[in-house]
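Quick note: numbers below take in every heavy atom, side chains included, and nothing from hydrogens, waters or symmetry partners.
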Amino acid sequence: CLIRNRYAGPGSVLRGFSRFGPAFRLMLLQGLMFMGVSQVAMYISSFIALPFSPKLMEILDPIATQMMADPYYNPMPALMELPPDVLLKAAAPVLLVFCVLYFLAVAFLSLQMRFSNYLILDDPKVGAFAAVGMSFRLNHKHFWTLLRLDLSFWLYYLLHGLALGISMLQLLVPSWHLPISEEVAGLLFYGIYGIAVLVIDWFMRPMVEATYALAYSTLKEIKYPAK
C-alpha cells in the first residue's frame, strides 16, 4: 500500500487473512520443490563424490550387499551403531558437494520465486502454480539485477545467519560446563535467537520489504501493464 501511495491501516493488515488459502498452497508447493531439489542434489553429489570417499564406500559396501540379498533389510540400525564422528568424516566429501549444489539451487529458485507471494497478495484468484510461473516471467532478463539487489542486503542476511548460529550454540553447552541443564541452555539460546531476530527485523525488515515491493511493482508494470 505504501509503495503505491495507498492508505495503510488496520484493515490492510487483516486483508492478508483473506489470502491465507492461496498463500498456504504456495508455501506447500515451494516446500515440495525444495524437497525435490534436495533429492536431486543428494543423488548428484553421491554420483560425483562417492568415488573420492573410500571410507564411506567401506561402510556402505556390506550394507549394500545385505540390501541386495534381502529386499526388506533396514540399513538404519547398522548406520546408527557407527560413531557419529566416524560417519560424518567418511561422508564429508558427499556432504560438501551436496551443500554446494543445494545452496545454489535453492538460491536460484528462491530468487526466481521472489515475487510469488506479492502476486497472490495482489490477486487472491492467482493460484500457486500460476504465481510461481508469473514470478519466473517477471524475473526474465532481470535475474542478475535482482541478484545484485539481494546482495546489497548482505548485512541483513549476515545478521540473520549469526542469529541462527546463536540458536545452535546449545550444541557446545556440555563443553562449556554451564551450571544449567542442556534443555534449559537450549531454551536460553533459542530465546536469545528470537530476540535477536526481532531486533534485526524491527530495524531492517521494512527497508528490505519496501525495496522488494517497489521492484515487484515496477516489473509488474513493465511485464503486465494495466489496461
Side-chain angles (χ1 to χ4, degrees), residues 1-4 16 19-45 47-49 94-165 167-168 193 196-198 200-226:
C1 292
L2 296 176
I3 291 298
R4 294 174 176 174
R19 273 72 165 175
F20 175 79
F24 182 71
R25 289 191 291 271
L26 174 63
M27 183 183 68
L28 291 179
L29 175 61
Q30 291 175 335
L32 289 174
M33 292 176 69
F34 290 142
M35 287 178 59
V37 166
S38 68
Q39 295 298 317
V40 174
M42 179 57 70
Y43 176 81
I44 296 176
S45 60
F47 180 79
I48 295 174
V94 176
L95 292 176
L96 178 61
V97 176
F98 167 78
C99 289
V100 172
L101 292 176
Y102 184 70
F103 173 79
L104 293 176
V106 167
F108 174 78
L109 284 177
S110 297
L111 189 62
Q112 292 285 36
M113 296 189 293
R114 171 73 68 193
F115 301 128
S116 300
N117 284 316
Y118 292 99
L119 288 159
I120 285 180
L121 290 174
D122 245 358
D123 184 2
K125 295 180 182 178
V126 175
F129 285 96
V132 170
M134 291 174 69
S135 181
F136 269 77
R137 287 192 290 274
L138 283 178
N139 289 338
H140 181 59
K141 295 184 179 180
H142 300 284
F143 177 82
W144 296 112
T145 302
L146 292 172
L147 179 60
R148 290 195 296 271
L149 179 63
D150 259 359
L151 294 177
S152 69
F153 296 122
W154 64 270
L155 181 60
Y156 174 75
Y157 294 119
L158 176 62
L159 291 175
H160 263 280
L162 293 176
L164 181 62
S167 70
M168 296 180 179
Y193 161 74
V197 168
L198 179 63
I200 295 168
D201 284 348
W202 179 269
F203 287 101
M204 302 187 69
R205 184 72 177 268
M207 174 186 65
V208 175
E209 289 296 336
T211 304
Y212 287 141
L214 181 59
Y216 161 74
S217 183
T218 303
L219 289 176
K220 189 179 180 184
E221 289 178 3
I222 295 173
K223 296 284 185 178
Y224 304 103

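Under the 4.5 Å side-chain criterion, counting only non-hydrogen atoms from C-beta, Leu146 is in contact with Phe115. Using a 4.5 Å heavy-atom threshold, the side chains of Asp201 and His160 count as touching.
Among residue pairs with one or both ends in residues 105-115, those qualifying as salt bridge (Lys or Arg N to Asp or Glu O under 4.0 Å) are Arg114-Asp150; sequence neighbours excluded. Counting only residues at least two apart or in different chains, ring-ring contact (aromatic ring centres under 6.0 Å, His included) contacts with residues 125-151 comprise Phe108-Phe143.
For Tyr43, there are no side-chain hydrogen bond (donor to acceptor under 3.5 Å, both in side chains) partners, not counting sequence neighbours. The ring pair (Phe, Tyr, Trp, His ring centres under 6.0 Å) check on Phe153 picks up Tyr212, with sequence neighbours excluded. Take Phe34 and apply the side-chain contact (heavy atoms from CB on, under 4.5 Å) test, not counting sequence neighbours, and it matches Gln30, Tyr102, Val106, Leu109, Ser110, Met113. Take Leu158 and apply the side-chain contact (heavy atoms from CB on, under 4.5 Å) test, not counting sequence neighbours, and it matches Trp154, Leu162. Remark: Arg137 pairs with no residue by the salt bridge (Lys or Arg N to Asp or Glu O under 4.0 Å) rule, at least two apart or across chains. Residues that satisfy the side-chain contact (heavy atoms from CB on, under 4.5 Å) test with Leu151, not counting sequence neighbours, are Leu147. Looking at residues two or more places apart in sequence or on another chain, you find a side-chain contact (heavy atoms from CB on, under 4.5 Å) between Asp123 and Lys125, Val126.
Here Ile44 contributes atom CD1 and Gln39 contributes atom CD; the two are 12.0 Å apart, rounded to the nearest 0.5 Å. Here the straight-line distance linking atom CG of Asn139 with atom CE of Met134 works out to 12.0 Å at 0.5 Å rounding. Atom-to-atom distance recorded for Leu26:CG and Ile120:CD1 is 4.5 Å, nearest 0.5 angstrom. Here Asp122 contributes atom CG and Lys220 contributes atom NZ; the two are 3.5 Å apart, rounded to the nearest 0.5 Å. Note that the CG atom of Leu96 and the CD1 atom of Ile48 stand 11.0 Å from one another [nearest 0.5 Å]. Interatomic distance, CG of Leu101 versus OG of Ser38, reported as 12.0 Å (0.5 Å rounding).
The two residues Ala163 and Val197 make their nearest non-hydrogen contact at CB-CG2, 4.1 Å.
Without hydrogens or angle criteria, Ser135 side chain to Val132 main chain gives no donor-acceptor distance under 3.5 Å. Listed for the Ser217 side chain is no donor-acceptor partner under 3.5 Å among the backbone atoms of Leu214.
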